[in-house]
2 protein chains.
Amino acid sequence: MPKVTEQYRETRRDEIAQAALRCFAKKGFTGASMADIIAESGLSAGAIYGHFESKQQIMLSVASLVIGDAVTELETLNAGGVVPTPSTVVMTILAGVTSDVSHNQILLQVWGEAMVDPKIRELVSDVLTQIRPIYLRFLTAWAEEHEGLSKHDATTWASRLVPVTMGLAHGYIVQSALFPDFDRPAYLASIRELLPG
Amino acid sequence: MPKVTEQYRETRRDEIAQAALRCFAKKGFTGASMADIIAESGLSAGAIYGHFESKQQIMLSVASLVIGDAVTELETLNAGGVVPTPSTVVMTILAGVTSDVSHNQILLQVWGEAMVDPKIRELVSDVLTQIRPIYLRFLTAWAEEHEGLSKHDATTWASRLVPVTMGLAHGYIVQSALFPDFDRPAYLASIRELLPG
DNA sequence: GTCTATACTGTGATAGAC
DNA sequence: GTCTATCACAGTATAGAC
C-alpha cells in the first residue's frame, strides 16, 4: 500500500471533519443535515460515505477533535520541566479549549449530547480519565514543592482540590459560550486569587 | 370566562410539559419526537397542539422550567432575613438545580441548544440577567457585614467574585451530569474552603 | 479506487376531518 | 378531544463517470 494514499485519505477525512465542525457550530449536531455537510465540504454524498460510515461517526470525530484540545494543551506543560501552579494548570487547559471559539461552542453541545448519546458519553468519559490524573499529578507536585507536604499528604490535598479546579474551568467554558459580554481576563484573574499559587 | 377552565388548561399544559421533560431527559430535545411526547402524555396529537403551538414551544416551556429552578431557590434566601455567606449562596442555587436529576441533565442540553437556537439562547440570557444581580447583592451584603467594607468597595469586591462563584456552580452542574461517580458532598466542601465565609 | 448525481425509504412535525 | 393523511426532508444506497 503506497503511503501517499493513506495520507491522502487522512487529509480528506480531516477536511470533511472540519467542514462538519463548521456546520455543527452553526446548526448543532442534529440540526445540521448531511446535505449541509455535503455542501460545506464541496464534496458529494458518496464521497463522504467513502470516508465515514455514518453521520454518527462524523459527530464522534468532531466531538473527539473538540474535547481533545484540552489534553493536547495540557501535555505542553510537561515539556516545560517546571512544576506549574494550580492556576497555571487551569489557564493552560483553558487556552487550549477556548482559543477557537467554535470549538468552545461545540464543546457545550458535546456535553449536551453526552446526556443522550452513549457513544458521545463514552468519549467524554474517556477524556476525563485522561485529564483527571494529569491535574492530580500537577497539583500533587506543586503541593509537595511549595507547601512542603509529604507525597501522601500532597496527594490527599490535591485530590480534594482537583474537582473544584476543574469546576472553575468548566465555569469559564460555560460562561464563555453563553454570555456574549463575558470578561475572560477578569475571570482568569479571579481564579488566580482563589486558587493557591 | 369560568375560572375553572383556565386552571384546567394550565394544569394540562403542565402535564404535557412534564411528559415532554421525561422524554427530553431520555432522548434529548431533538431526539425525542412528538410521537414520544404524545405517547408519554397519554394524550393525542391534536390535544397537544391545542395547548402548544409547536414542538419548539414545548421545548421552550421545558427549558424555562429547568433553568427557572435556580431563581426560585435563590428567592428563598431572601425570606431568611440573614445575610448568607458566599458558599451558602452557591449551595442554595445548586440545591435547586440538582435536586431533580433529570432537570440537571436537561440543563446541559439547554446550554447546548442555546448555542444554536436563538430562542433558547434568549431564555438563558434572560435568566442570567435575573440571577447575576441576586448573586451580586448577596455577596455585597456579606462583604459589608463581615469584611467591614464600604458599600462601594463591597460592590467592587463582589462584582469580581461573582463570575467565579457562578463558575463553581457551573462546574458542579457539569460534573454532576457527566461523571457518574461525582462526589457531590466533597465538591461542596471544597467550595466552602475556597470561597470566603 | 474515488468521486458525482440521483433515487429510495422511513420518519418527522403538523393540519384537518371526524 | 382523537385519528389519520400529508408533505417535506432526513440519512443512506447505488449506478455510473473519471
Side-chain angles (χ1 to χ4, degrees), chain A residues 1-63 109 113 116-120, chain B residues 1-2 4-63 109 112-113 116-120:
Chain A
M1 280 295 161
K3 183 174 152 201
V4 190
T5 304
E6 259 315 305
Q7 265 195 4
Y8 176 79
R9 283 188 63 83
E10 193 56 39
T11 308
R12 268 276 169 287
R13 265 183 73 92
D14 210 66
E15 279 174 18
I16 294 169
Q18 290 295 340
L21 187 144
R22 289 191 293 275
C23 293
F24 293 151
K26 229 175 299 175
K27 306 194 173 183
F29 278 110
T30 47
S33 68
M34 283 303 289
D36 291 326
I37 297 173
I38 288 159
E40 179 76 28
S41 70
L43 298 175
S44 67
I48 288 180
Y49 277 91
H51 293 275
F52 288 94
E53 269 191 350
S54 64
K55 185 183 175 185
Q56 158 105 250
Q57 290 299 323
I58 301 180
M59 286 172 43
L60 282 171
S61 212
V62 169
Q109 294 187 50
E113 270 296 301
V116 296
D117 182 334
K119 290 279 185 190
I120 300 266
Chain B
M1 278 295 162
V4 189
T5 303
E6 258 316 303
Q7 265 196 2
Y8 176 80
R9 283 188 61 82
E10 193 57 39
T11 309
R12 267 276 168 288
R13 264 183 74 92
D14 211 66
E15 279 174 15
I16 294 169
Q18 290 295 340
L21 188 144
R22 289 192 292 276
C23 293
F24 292 152
K26 230 176 298 175
K27 304 193 175 186
F29 277 110
T30 46
S33 67
M34 283 304 289
D36 291 327
I37 297 172
I38 288 159
E40 180 75 29
S41 71
L43 298 175
S44 66
I48 288 181
Y49 277 91
H51 293 276
F52 288 93
E53 269 191 348
S54 64
K55 185 184 174 182
Q56 159 105 248
Q57 290 299 323
I58 301 181
M59 284 171 44
L60 281 170
S61 211
V62 169
Q109 295 187 50
E113 271 296 301
V116 296
D117 183 334
K119 291 278 185 192
I120 301 265

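Predicted, not measured: the structure shown is a model, and the values here were computed from it. Chain A is the first sequence line, chain B the second, and so forth, proteins listed ahead of strands; every chain is numbered from 1.
The NZ atom of B:K55 sits 8.5 Å away from atom OH of B:Y49, with the distance rounded to the nearest 0.5 Å. The distance from atom CD1 of A:I120 to atom CZ of A:F29, rounded to the nearest 0.5 Å, is 5.5 Å. Note: B:H51 NE2 to B:I16 CD1 = 5.0 Å, rounded to the nearest 0.5 Å.
The distance between atom CG of A:L43 and atom P of C:dC3, rounded to the nearest whole Å, is 7 Å. For the pair A:M34 CE and C:dA7 P, the computed distance is 19 Å after rounding to whole Å. Regarding B:K27, its NZ atom lies at a distance of 15 Å from the C1' atom of C:dA13, rounded to whole Å. The distance between atom CG of A:D36 and atom C1' of D:dC9, rounded to the nearest whole Å, is 12 Å. In this structure, A:F52 places its CZ atom 16 Å from C1' of C:dT2, rounding to the nearest Å. Rounded to an integer number of Å, the gap from A:I38 CD1 to C:dT6 P is 13 Å. Atoms CD (B:Q57) and P (C:dA13) sit 15 Å apart, rounded to a whole Å. Atom CD1 of B:I48 and atom P of D:dG1 are 11 Å apart (whole Å).
B:H51 has a side-chain polar atom (N or O) that falls below the 4.0 Å cut-off from OP1 or OP2 of D:dG1.
Looking at the side chain of A:K55, the nearest of the listed nucleotides D:dC3, C:dC3, D:dT12 is D:dT12. Closest to the side chain of A:A47, from the set D:dG11, C:dT4, C:dT14, is C:dT4. In this structure, of C:dC3, D:dT12, C:dA13, it is D:dT12 that holds the atom nearest to the side chain of A:S54. Comparing C:dT14, D:dT2, D:dA10 by their nearest atom to the side chain of A:S33 picks out D:dA10.
Looking at B:S54 and B:Q57, their side chains come closer than 4.5 Å, going by heavy atoms from C-beta outward. In this structure, the side chains of A:K119 and A:M59 stay at 4.5 Å or more apart for every pair of heavy atoms. Within the 4.5 Å cutoff, no side-chain heavy atoms of B:E15 are placed close to those of B:L43.
B:E40 places no side-chain N or O within donor-acceptor distance of the main-chain N or O of B:R22, the cut-off being under 3.5 Å.
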Worksheet item: What string of B, S and - do you get for nucleotides 13-18 of chain D 5' to 3' if you count protein non-hydrogen atoms under 4.0 Å?
Response: BB----
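Across all their heavy atoms, A:R13 and A:S61 have their closest contact at NH2-OG, 3.9 Å.
A:D36 and A:S33 are linked by a side-chain donor-acceptor pair at a separation below 3.5 angstrom, with hydrogens and angles left out of the test.
Contacts of residues 12-22 of chain A with DNA chain D (heavy atom under 4.0 Å): none.
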